There are 2 protein chains.
Amino acid sequence: MDDSVSIRRERRRAGRTGCDVEATLSVIGGIWKPVLLFHLLEGKLRFNALCRTVPNATPRMITLQLRELEADGVVNRIVYPEVPPKVEYELTDLGTSLAPVLLSMRDWGERLKRSEAAS
Amino acid sequence: MDDSVSIRRERRRAGRTGCDVEATLSVIGGIWKPVLLFHLLEGKLRFNALCRTVPNATPRMITLQLRELEADGVVNRIVYPEVPPKVEYELTDLGTSLAPVLLSMRDWGERLKRSEAAS
DNA sequence: CGGCATCCTTATAGATACTG
DNA sequence: CAGTATCTATAAGGATGCCG
């Protein structure tokens, strides 16, 4: 727990001394972060739903990444005090403002896949 | 060397099974890759020049990242057979097509820095 | 200058088991 | 359901030295 926080601090420091792109990477630089944020663009999602959208990542990794996104203020974690437990994640306004980045990433990936399928 | 290749393979596999955003991340997912690509948007750069634009990364890391970017077809490496050695890096057409992604990342980082400076 | 090879130290991701 | 805790294996990353 302390680790991820210190890592985040380092990333922030890099974001300060570096260029604007580094600042963005200090927030969305994790391997699964852009994917998680992208799927949250369409609305709130439960933890398990998020896991299903990123089958290549383990639940543990998803938890860790979500915690960092939350700490960076791009994701809200909503806990419903019921049994069985229910937790939803949603983008904050800051997170929603990442839409241009995420959508351009999706577009580029789509084109890449098409060109790879053609070859 | 073998390592980075296998890593790339894993990333590609994730890019295949995953969504479009994952496909993009399989290419620009490295911590320093977007920064390097962004600086190359303005034109060819020598190795040392690239190092200066990313002071937070060690030359070793920059080399490794450039090799992967080269293997993924977004960067060209141009070696001039002279003494002292001179090597330049430039974006390929595929690399140039990443401009929307890189520019939106820069824009977001710029806004983030401004809002952080204000608080 | 622009690396690569090597050693060495952390960090990180996976697996597993457990809990409110 | 939505995690947490712990352990372990592996890999990433820094430092250094050498080379064409």
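Small disclaimer: the values here were computed from a predicted structure and weren't measured. Per chain, numbering begins at 1; letters A, B, ... match sequence-line order.
Using a 4.0 Å heavy-atom distance criterion, B/Tyr89 is classed as a sugar-phosphate-only contact.
Following rounding to the nearest Å, B/Arg52 (CZ) and C/dG2 (C1') show an atom-to-atom distance of 13 Å. We find that CG of A/Leu66 is positioned 8 Å from P of D/dG3, with the value rounded to whole Å. If you take CD of B/Gln65 and P of C/dC4, they are 14 Å apart, rounded to a whole angstrom. The CG-C1' distance, from A/Leu64 to C/dA13, rounds to 9 Å in whole Å. Rounded to whole Å, the distance from CZ on A/Phe47 to P on D/dG3 is 5 Å. Here C/dC4 presents its C1' atom at 15 Å from CD of B/Glu70, a figure rounded to the nearest Å. For the pair A/Glu68 CD and C/dA11 P, the computed distance is 14 Å after rounding to whole Å. The OH-P distance, from B/Tyr80 to C/dG2, rounds to 11 Å in whole Å.
You'll find that the side chain of B/Arg46 is closest to C/dC1, out of C/dC1, C/dC4, D/dA2. When distances are taken from the side chain of B/Arg67 to each of C/dC4, D/dT4, D/dG13, the shortest belongs to C/dC4. Nearest nucleotide to the B/Asn48 side chain, out of C/dC4, C/dG2, D/dA2: C/dG2.
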**Request:** Could you run through nucleotides 14-20 of chain C and give me one letter per nucleotide, 5' to 3': B if any protein heavy atom sits under 4.0 Å from the base, S if only the sugar-phosphate is that close, - if neither?
**Result:** BB----B

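Between B/Leu41 and B/Leu103 there is a side-chain heavy-atom pair separated by less than 4.5 Å. Contact annotation: the side chain of B/Lys86 approaches that of B/Glu88 to within less than 4.5 Å [non-hydrogen atoms, C-beta and beyond].
When the side chains of ILVMFWY residues are joined at heavy-atom separations under 4.5 Å, either directly or via intervening members, B/Val79 and B/Val75 end up in a single hydrophobic cluster. A/Ile78 and A/Leu50 fall into different hydrophobic clusters, where Ile, Leu, Val, Met, Phe, Trp and Tyr side chains are chained together by heavy-atom contacts under 4.5 Å.
Remark: the B/Asn56 side chain and the A/Glu22 side chain contain an N/O donor-acceptor pair separated by less than 3.5 Å.
Using a 4.0 Å cut-off between charged nitrogen and carboxylate oxygen, A/Arg67 and A/Glu70 count as a salt-bridge pair.
Contact detail for B/Ser97 and A/Trp108: the closest heavy-atom pair is OG-NE1, 2.9 Å.
B/Arg77 has a side-chain polar atom (N or O) that falls below the 4.0 Å cut-off from OP1 or OP2 of C/dG3.
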